2 protein chains.
Amino acid sequence: MPIRPPAAVDEPRLKPKSLPPEAPDAARLWLPLNALRAFEAVARRLSFTGAAASLHISQSALSRHVSRLEELLGCKLLERRSQGLVLTKAGAALLPVVTKSFDGLEATMQALRHRAGTSQRMLRVHMPPTFLYVMGMSLLREFRLAFPDISIDLFSSNGVGLPRATVCDIAIVFDRPRYDDAVRDPLWLISQTPACAPEIAERCEGMDLQAFLRANELLHTRLEGEPFGVLWAAFARRFDLEISPERGLALDSERLTVELAITGNGVILVDVDMFAKEIADGRLVTPYDATSDSGFGYYLTVHPDDMSDPAIALFRSWVIQRFTHVNRDGAAPPVDGLSAG
Amino acid sequence: MPIRPPAAVDEPRLKPKSLPPEAPDAARLWLPLNALRAFEAVARRLSFTGAAASLHISQSALSRHVSRLEELLGCKLLERRSQGLVLTKAGAALLPVVTKSFDGLEATMQALRHRAGTSQRMLRVHMPPTFLYVMGMSLLREFRLAFPDISIDLFSSNGVGLPRATVCDIAIVFDRPRYDDAVRDPLWLISQTPACAPEIAERCEGMDLQAFLRANELLHTRLEGEPFGVLWAAFARRFDLEISPERGLALDSERLTVELAITGNGVILVDVDMFAKEIADGRLVTPYDATSDSGFGYYLTVHPDDMSDPAIALFRSWVIQRFTHVNRDGAAPPVDGLSAG
DNA sequence: ATAGGGCAATGCAAAAACGGTATTTGAAAG
DNA sequence: CTTTCAAATACCGTTTTTGCATTGCCCTAT
C-alpha cells in the first residue's frame, strides 16, 4: 500500500471541526529549510567543496540540496562557471535573507539556552591524551566557536576519570562496549592493526603475520580494569594466531607506547586513522593488511543524573552528532605540524 | 599475509588546506530547522493535534520534534497543563522570531518564483470527476492558499485528457502503471473491494464471494483503452474466482456507476477510502473483506517538455509531496459496524 | 597538444531521520 | 469510579539523506 490518499474532503457536515482549513502552514511545510541552509553555506563560500567541509557533510549532499532548491524555485541560484561559482541575481537576492533569518534563529536559540542556564557554564571535560592529541583539540575548538558562551575546563590523564568519580562532568574514555545503565555513547571504535618502525618491517620482510609477531616484542598500553594484553588477544583470536598476547611490555600511556614502537622497540596495535600522521611520514609502518575491530574504542560518558543539566546535555548531543557526521574528515587533518617525536 | 609496501607516503604535510577552521557553520549545522518549524506550528495553535492536522503529519511526530527542541535548548517551550498548552517565557520569546524568519524566507522564495515566471500563471489542470469530487477540491483549495499567485483553470471530464493533447498543462488520470517515457507519478493506487446497496447485501447474506458475484449484476466504469471489465478480471484473478468479468453493465462515469450500485442495480468495485462517505452513511456496503491492489490508480502526468516550466514543475512536486506524506487525518472515516464477513 | 588537477554532478548502496500506528499516561469531566 | 481527551512513548516501516566512487568538464602546466 505505497500511496495513501490525502486528507480527503473531510466528512461533510457531521463534524464541526472548529478549525478552518488553516492553510498558512501549507507553504511552511513546503519550505525547503535544509536546502536553504545548504545553499547559504555554498553561496557564502562560493564553493561546494569548501562548504561541504565546513558543514561536515559531503559535497555530493550539498550539490543535491542546491539542485533541489533550484528546481523548486524554477531558476538557477548559482552560475557554475569554470573560474568558479557566481551568484545569479536570484541567488544574490536569496542569500542575505537566508543568512539573516538563520542568524536570527541562531541568536535566539543561544539566548534561550543562556536563559536556561546553559550558557556561561564551565564544563569540565576529561579525555585520554591520545584522543585529545589526535582529535580532541579540534573538536573542542569547534565547539567553542559554535558556543562561545560555554567554557571548557579540560583534563587529560591516562586514568579513566568517569564523571562524578573525578572532577569532571563529561568524560571520553577508552573502553569496550558495555551494556550497563550508564550513559555511554560510542564516538570512535578503533580498528587495530600491527605497526612498527620501518627498520623492523624491513628486517622482517617476507615473514607471515604470525612469525612476525613472534619475532618481535609486543607493546601494550595498560588498560585499567582489563586483563593484560586484551587487545593483542582479541587480535590473535580474530586471525587465528598462535602467539602469546600476554607477553611483552606495557606502558601507562599510549603515546609512550607509540614512542617505543617508533624507536624500534617492538610492535604495537594501532588504529591507522588515529596515527595517520606517524604512518604518513613513515615513522610508523603497518606492514600487514590485517585489521580487526575489537569493539574497543572511545566512548562518551556522562553521569545519568547530569543528563538534566542543559549544558551537559548540549555538549553531549553536539559531540555525538559531530561524530556521526564526520568520522573521517575531522580526523584526518585536525592537527598540523606537530606529532610529538 | 603479504607485506604491504611501507604505507605509500602519500600527501604528508604538503596540503596547505587553505581553509581556516571556518566554524561559523558549526552552529548552523546544529540549528534544528525542522524542529523549529514544528514548534512554530504547535505554538501558534497551542495544540499538537491541531498543528498536526494542519501540517499533515501525525501528532506523534510533532510531539517528538518539540521534545527534541526542548531538550536541545535545555528548557521547556510549552507548558502542558490540563486546560491546554501555554507558552513558557522561552517559548514566547522564540515563537515570534521563528515566525518572522520563516515568513521572510517564504516571502523571498515566493518573490523569486515570481521573478522566475512561476507566479501569476494560470495552470490548466484536468482530473476525473470522481477524483475531483473526493479529494481534488480540497487539494486545489490548499494549493491556492499556499500559492495564491498561481491560478487554476480546472477541467474535469471522463476522457483521459493528457497534457498537450487537450487544453491542459497537468492531468490526473486514472490508469494502470506504465513504463513509458511520460512523466507519470502515482498519487493514489486504489484497493478495490466489491460494494453494493445494503438491501442486496442483506438478501445475499451467507453466500460466499463467488456465489455473491454470480448472483448479481457486475457494474463497470468504462476505461478508455482498456478491455471491458479489466478491473473485475483483476479482482477475480486475485481471489481465484470463477466469474465472467466481461458480463455486466458499463457506464462512462464512475459517479453514475456508483449511483446504480446505490440504487440496487448491481455490484461495483470501489476503493473504500474513495467512497468512504457513501459507506459511512450506509448507502453502500462492502460485505466481503476482500480487497485487491490492481496497480490501477490516479497518476499525475505532465508533458515532458513542460517539465522546465517552473509553475508546472512546482505544482507537480507540490502535489506529489502532498500525497506522499499525508496520513488519513481528515479522512479517517468512522466506518463502524459495516463490512460483515 | 596532452597530461594532470580541481571541482561539481550523478549512480548506487547504506544509513539516518522521519513518520505512522498503536498504546500508554495523565488529568478532568461525568 | 468510569469515561474522555490530549500528549507522550514504544515500536517499526520507509522515505529521505548521505557518502563513496565515478564521471565529465574546464582550466593549467608541461
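Within every chain, numbering begins at 1; the chains are lettered A, B, ... in the order of the sequence lines, protein sequences first and strands thereafter. All values derive from a computational prediction rather than experimental measurement.
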I want to verify a distance call: between D:dC20, C:dA9, C:dT21, whose nearest atom is closest to the B:Ser60 side chain? C:dT21
Measure the distance from CD on B:Gln59 to P on C:dG20 and round it to the nearest whole Å. 11 Å
Is there a donor-acceptor pair closer than 3.5 Å between any side-chain N or O of B:Asp271 and the backbone N or O of B:Met274? yes
Heavy atoms, side chains only, cut-off 4.5 Å: are A:Ile190 and A:Val270 in contact? no
Phosphate-side-chain proximity, A:Arg80 and C:dA9, N/O vs OP1/OP2 below 4.0 Å: yes
May I ask you to test the A:Arg322-A:Leu139 pair for a side-chain heavy-atom distance under 4.5 Å? yes
Checking side-chain polar atoms at under 3.5 Å, does A:Glu79 have a donor or acceptor matched by the opposite partner on A:Thr88? no
Please report the distance, rounded to the nearest Å, between CZ in A:Phe48 and P in D:dC25. 17 Å
Spacing between B:Phe39 atom CZ and D:dA7 atom C1', to the nearest angstrom: 16 Å
Within-4.5 Å side-chain heavy-atom neighbours: B:Gln192 and B:Phe296: no
Measure CG/A:Leu33 against P/C:dC18 and give the value in whole Å, please. 12 Å
Which residues in residues 62-70 of chain B have at least one heavy atom lying under 4.0 Å from any atom of DNA chain D? B:Ser63, B:Arg64
Whole angstrom value for the distance that separates P of D:dA7 from CZ of B:Arg45: 13 Å
Could you tell me if the side chain of B:Arg37 sits less than 4.5 Å from the side chain of B:Phe102, heavy atoms only? yes
With a non-hydrogen cut-off below 4.0 angstrom, is A:Asn34 in contact with a base, only sugar-phosphate, or nothing? nothing
Of the candidate nucleotides C:dA9, C:dG20, C:dC7, which contains the atom at the shortest distance from the side chain of B:Ile57? C:dG20
Measure CG/B:Leu29 against C1'/C:dA17 and give the value in whole Å, please. 14 Å
Under the ring-ring contact (aromatic ring centres under 6.0 Å, His included) rule, collect the residues that match up with B:Phe131, sequence neighbours excluded. B:Tyr298
Can you see whether B:Thr49 engages B:Gln59 through a side-chain donor-acceptor pair at a distance of less than 3.5 angstrom? no
side-chain N/O B:Arg81 vs C:dA27 OP1/OP2, d < 4.0 Å: no
With the side chain counted from C-beta on, respond yes when A:Asp293 and A:Leu189 share a heavy-atom pair under 4.5 Å apart, and no when they do not. no
Indicate whether the side chain of A:Arg45 and that of A:Ser54 have a donor and an acceptor atom separated by less than 3.5 Å. yes
Polar side-chain atom of B:Ser292 near backbone of B:Arg238 as donor-acceptor pair, under 3.5 Å: no
Ignoring hydrogens and geometry beyond distance, is the side chain of B:Ser58 in donor-acceptor contact with the base of C:dT21 at under 3.5 Å? no
Please list, for nucleotides 27-30 of chain D, all pairs of protein and nucleotide N/O atoms separated by less than 3.5 Å.
unit_1	atom_1	unit_2	atom_2	d
D:dC27	OP1	A:Ser82	OG	2.6

When you measure from the side chain of B:Thr49, which nucleotide among C:dA8, D:dA6, D:dT18 comes out closest? D:dA6
Does A:Tyr299 have A:Arg184 sitting over its ring (NZ/CZ under 6.0 Å from centre, angle to axis within 45°)? yes
Does a side-chain N-to-carboxylate-O contact under 4.0 Å join A:Arg80 and A:Glu70? yes
A:Leu85 CG to D:dC26 C1': how many Å, rounded? 13 Å
Set out, line by line, the N/O atom pairs under 3.5 Å between protein and nucleotides 2-5 of chain D.
none

Between C:dA16 (C1') and A:His56 (NE2): distance, integer Å: 18 Å
Per-helix bend value, the helix from C:dA1-D:dT30 to C:dG30-D:dC1, C1' rotation axes over five pairs per end, 10° rounding, shows 20°
Shortest non-hydrogen contact between A:Ser58 and A:Ala52, atoms and distance: C-CB, 3.6 Å
Listed by chain and number, what are the ring-ring contact (aromatic ring centres under 6.0 Å, His included) partners of A:Phe315, not counting sequence neighbours? A:Phe143
